[in-house]
Amino acid sequence: MASASDHPSRGLELGYARVSTTKQSLERQLDALNATGIPAERIYTDKKTGTSIDREGLAALLAYTRAGDTIVVHTLDRLGRNLREVLNLVHELSERGIGVRSLADPLPINTTDEGMSRIAFLLLALFAEMERTFTAERAAHARAVAETAGRHIGRPVAHPADKIDYARLLKAQGNTLGQVAAKTGIPKTSLHRYLADAPAKVQE
């Protein structure tokens, strides 16, 4: 990692990589940064949880950068935990004359401009934030669809569907929970769940 004392006068490209947990790997981001010609000693890294604000690598990078430098990341969301944090940091860097470049974004970004390149940056940062939101929403939707269809997320159902239907029929006929358990072999603890999930039947 470079130190402030050996910073050359000309502008540099400096890499930054971050993962949100210590179990995740930085390898993909580091490979992408190395492929652009950024040496390992000019790449700063963090392995922190998503809620942590103590990012030593980013702090060291911000202390080292000078006007004319460019911070290079694999994707814009590596710079912060949410859209507001990313935009605030980029604004701060822009005021210091420091640029930002994202390897994964197809459009050029010049954070010191107020024209189309500035708008492109804002849109790309927004899209990165939206994609994370949409991923979470798609997962929640899949769970809801599975539950509506009668499928369980996680541990599989321990009893066959026809036996559960038989238990519901017995209960509808007036059998007690103990009688239903004895006739079907399904424990009362499971019957409570199966019968609670049963749709209400309209009496003819």
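For reference, positions follow the sequence shown, starting with 1.
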Taken in chain and number order and not counting sequence neighbours, the residues that satisfy side chain to side chain donor-acceptor pair (under 3.5 Å) with R28 are none
**Exam field: side chain R66 to backbone Y64, donor-acceptor pair closer than 3.5 Å** = yes
Heavy-atom closest pair (T65 atom, R96 atom, distance to 0.1 Å) is O-NH2, 3.1 Å
For residues 174-187, the side chain to side chain donor-acceptor pair (under 3.5 Å) pairs (sequence neighbours left out) are N175-K183, T176-Q179
With sequence neighbours left out, the residues meeting side chain to side chain donor-acceptor pair (under 3.5 Å) with E95 are H91
Between H74 and A32, the two heavy atoms sitting closest are CD2-CB, 3.6 Å
Practice item. Go through the steps for V100 and V72 under the test side chain to side chain contact (heavy atoms under 4.5 Å, CB included), then give the verdict. Key: CA-CA 6 Å; V100 174; V72 183; over 6 Å; no
Hits for side-chain contact (heavy atoms from CB on, under 4.5 Å) against A17, two or more places apart or cross-chain, chain-then-number order -> L26, Q29, L30, L33, T45
> Step by step, would you call L177 with L195 a side chain to side chain contact (heavy atoms under 4.5 Å, CB included)?
Replying inline: CA-CA 10 Å; L177 205 60; L195 298 178; 3.5 Å; yes
Here the gap from I164 atom CD1 to L191 atom CG, rounded to the nearest 0.5 Å, amounts to 9.0 Å
- Going by heavy atoms in the side chains, are V90 and L76 under 4.5 Å from each other? no
When rounded to the nearest 0.5 Å, the distance separating OG of S102 from CG of D77 is 8.0 Å
Test item: L14 and I38 side chains (from C-beta on) under 4.5 Å apart, heavy atoms:
no
4.5 Å side-chain heavy-atom contact, I98 and T70:
no
> Given side chains that start at C-beta, do those of L93 and I71 come closer than 4.5 Å, heavy atoms only?
Replying inline: yes
**Q.** Under-4.0 Å salt bridge between E85 and R55
**A.** yes
#### Entry: Test item: R18 side-chain N/O and R78 main-chain N/O as donor-acceptor pair under 3.5 Å
yes
To the nearest 0.5 Å, atom CG of D69 lies from atom CZ of R42 at 9.0 Å
* To do: Please tell me if the side chains of L89 and L62 come closer than 4.5 Å, counting only heavy atoms from C-beta onward.
  => yes
Sorted by chain and number, sequence neighbours left out, salt bridge (Lys or Arg N to Asp or Glu O under 4.0 Å) with D165 holds for R168
Note to self: For a quick check under 3.5 Å, do D46 and Y16 share a side-chain donor-acceptor pair by atom type?
What the structure shows: yes
Heavy-atom nearest pair, I186 first then A167, reads CD1-CB, 4.4 Å
Residues passing the salt bridge (Lys or Arg N to Asp or Glu O under 4.0 Å) test with E13, sequence neighbours excluded, are R101
- Item | Heavy atoms from other residues, nucleotides or ligands near CD of E27 exceed 12 (cutoff 6.0 Å) | no
